[in-house]
**Q** 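Have a look at this one.
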Amino acid sequence: MKKVVKFGGSSLASAEQFKKVGAIIKADESRVFVVPSAPGKRFSDDTKVTDMLLHVYQTAADGKDITAEIEAIKARYDEIIEGLGLDFSLDKDFEEITNALKTEPEKDYAASRGEFLNGKIMAAYLGIQFIDSAEVIFFNDEGKLNTYKTEKTLAAKLAECGKAVIPGFYGLGKNGRVKTFSRGGSDVTGSIVAQAAKVDVYENWTDVSGVLITDPRIVTNPEPIKFITYRELRELSYMGASVLHEDAIFPVRQCGIPINLRNTNAPADEGTWIVESTAQRPPHVITGIAGKKNFCTVFISKAMMNSEIGFCRKVLQAFEENEIPVEHVPSGIDTMTIVVHEDDFMCKEQKVLSAINRLAAPDSIEIEAGLALIAVVGRGMKSASGTAGKLFNALAKSGINVKMIDQGSSELNIIVGIRNDDFESAIKAVYAEFVAE
Ligand code: ASP
């Protein structure tokens, strides 16, 4: 049994957090490859080291003095090193980084140093090998991950060492310079390492006990989800639940490695398992509830629309021409509704309307803003009858008017459109009906 363990910024924000991480790693011999983030926030008003580094980069790029900012970052690391009682110093690294930023400031290089330095401390603390990600993770000309070269190089390197620390978030660009993933990208590194080492589990440690059924800012103390499939997670993430970096799913999913989300501050909690498929019975018919506000509906009607072949295509073309992503298309006999996000639509509204008129010549078009969408997701819905009934009943009991309904034939989710103002009460009502019954 082999595992990759990735720790997020808050798990590594201080010496105290490092100690918890050390204990977690040492508690299980199979935790062989460690992927650290940069130190995150120690308290809510704190600044993440990555943000401090991005700021230094800007200061350097503006040709201003960076000494004080570098000192502040160094102090964060020195505090960790001292707190761990390590006989170890990053003085040389800081000298190098300062010189590099002074002579030729590069944004990705600057941002990546947070993980690089934290990785060095982690390796010294655990007494295991440090692998610089710029030697094993490669990007191609288009700035995308070079999967073939990365997997080959990384697999060979990992096979050489029993245990190792591989810092998250960056690799080497085609131009021979350090390049980072987008923000939160250490999740992606963890996933790539898991794939290359063909491990059994990818453990991703943060400061919550896994994926929660719904947003804790709306429902107090929602239950965590024990098992969720990749497909369910995709539906929830699409609807706004932020769990992992999007690109972290593909590498592990492709080779059938499950992800276990765990809490560094409560290591005894089982966390959430993200899996391809499972026979585990979900404790509730629904697995999760997520939603987003500020959608717009474009309601189009035309007599005998149904028999006009190509009508839908023409309407959709109007959105395509204006590069507006379409979220949902519920339709009736002589009507179709296009649901789009206000941010994408508002600024091009009139252009789209004239394009629809030009291309499809409908009888009328009505637009309405202020719609919220809620996705009720669950593999358990397939075998349970009455889910939709229960859902609409819960909303009706709370006096919420449903403006749109969309259920895919996969029966994995039901999406309802309601007014923005009803968003929070709708989520509470659905949670109360299905979970806190
Ligand atoms: N430290 C980087 C960030 O703040 C990457 C990560 O934590 O995953 O985005």
Side-chain angles (χ1 to χ4, degrees), residues 51 54-55 58 61 107-108 111 142-144 180-185 215 217-218 234-247 289-302 305 308 310-332 334-377 400-406 408 413-427:
D51 291 317
L54 285 167
H55 200 271
Q58 201 49 57
K107 194 173 175 187
D108 281 17
E142 289 95 56
K144 299 253 161 59
T180 59
F181 294 103
S182 56
R183 294 298 302 264
D215 190 336
R217 287 165 301 184
I218 300 175
R234 168 92 181 110
E235 301 279 350
L236 288 173
S237 313
Y238 182 72
M239 268 304 184
S242 66
V243 178
L244 281 177
H245 190 294
E246 266 203 318
D247 299 338
I289 313 158
K292 278 194 206 165
K293 284 183 179 174
N294 301 332
F295 288 92
C296 217
T297 50
V298 182
F299 179 76
I300 300 155
S301 57
K302 184 169 190 180
M305 178 192 288
E308 187 179 329
F311 184 86
C312 297
R313 179 183 50 76
K314 290 175 201 156
V315 169
L316 291 174
Q317 191 182 332
F319 289 85
E320 188 180 341
E321 278 179 5
N322 286 289
E323 295 182 348
I324 298 175
V326 167
E327 306 285 335
H328 295 278
V329 191
S331 62
D334 286 335
T335 63
M336 72 185 282
T337 307
I338 312 287
V339 182
V340 283
H341 201 273
E342 284 178 13
D343 292 348
D344 304 318
F345 181 70
M346 289 306 209
C347 53
K348 298 178 185 159
E349 179 193 84
Q350 295 308 317
K351 275 184 163 173
V352 178
L353 296 193
S354 45
I356 299 174
N357 280 316
R358 169 170 48 85
L359 294 161
D363 294 339
S364 68
I365 310 175
E366 283 164 47
I367 40 183
E368 196 181 329
L371 184 83
L373 295 182
I374 293 185
V376 179
V377 176
I400 296 162
N401 177 32
V402 176
K403 298 179 74 71
M404 188 205 92
I405 305 166
D406 199 349
N413 68 1
I414 302 177
I415 293 171
V416 290
I418 52 170
R419 288 186 328 126
N420 269 346
D421 292 350
D422 288 331
F423 183 71
E424 281 81 12
S425 23
I427 291 195

**Q** Name all pairs fulfilling the side-chain hydrogen bond (donor to acceptor under 3.5 Å, both in side chains) condition that reach into residues 337-353, sequence neighbours left out, sorted by first residue then second.
**A** none
**Q** Is a side-chain donor-acceptor pair under 3.5 Å present for Y238 with E327?
**A** yes
**Q** I'd like to know if the side chain of N357 and the backbone of L353 have a donor-acceptor N/O pair within less than 3.5 Å.
**A** yes
**Q** Looking at side-chain heavy atoms only, is the closest gap between E321 and L359 below 4.5 Å?
**A** yes
**Q** Quick one, F295 with V340, criterion side chain to side chain contact (heavy atoms under 4.5 Å, CB included). Give me CA distance, side-chain angles, the key distance, then yes/no.
**A** CA-CA 6 Å; F295 288 92; V340 283; over 6 Å; no
**Q** Can you measure from OG (S331) to CD1 (I300) and round to the nearest 0.5 angstrom?
**A** 11.0 Å
**Q** Should R313 and E320 be marked as a side chain to side chain contact (heavy atoms under 4.5 Å, CB included) after you check the CA-CA gap, both sets of side-chain angles, and the distance that decides it?
**A** CA-CA 10 Å; R313 179 183 50 76; E320 188 180 341; over 6 Å; no
**Q** With no hydrogens and no angle check, is any side-chain donor or acceptor of D334 less than 3.5 Å from a backbone partner on M305?
**A** yes
**Q** Could you go through L371 and R419, starting from their C-alpha distance and side-chain angles, then the distance that decides it, and tell me whether this counts as side chain to side chain contact (heavy atoms under 4.5 Å, CB included)?
**A** CA-CA 5 Å; L371 184 83; R419 288 186 328 126; over 6 Å; no
**Q** Would you check, one step at a time, whether the test side chain to side chain contact (heavy atoms under 4.5 Å, CB included) holds for F299 with I367?
**A** CA-CA 6 Å; F299 179 76; I367 40 183; over 6 Å; no
**Q** Testing D51, D108, D247 one by one against R183 for a salt bridge (charged side-chain N to carboxylate O under 4.0 Å, His left out), which residue passes?
**A** D51
**Q** Look only at the side chain of D215 and the backbone of R217, and say whether a donor-acceptor pair between them is shorter than 3.5 Å.
**A** yes
**Q** State, without any angle test, whether N294 and N420 hold a side-chain donor-acceptor pair at a distance under 3.5 Å.
**A** yes
**Q** Could you check whether any side-chain heavy atom of I356 comes within less than 4.5 Å of a side-chain heavy atom of V298, counting everything from C-beta outward?
**A** yes
**Q** With sequence neighbours left out, what residues match E308 under side chain to side chain contact (heavy atoms under 4.5 Å, CB included)?
**A** K302, F311, K314
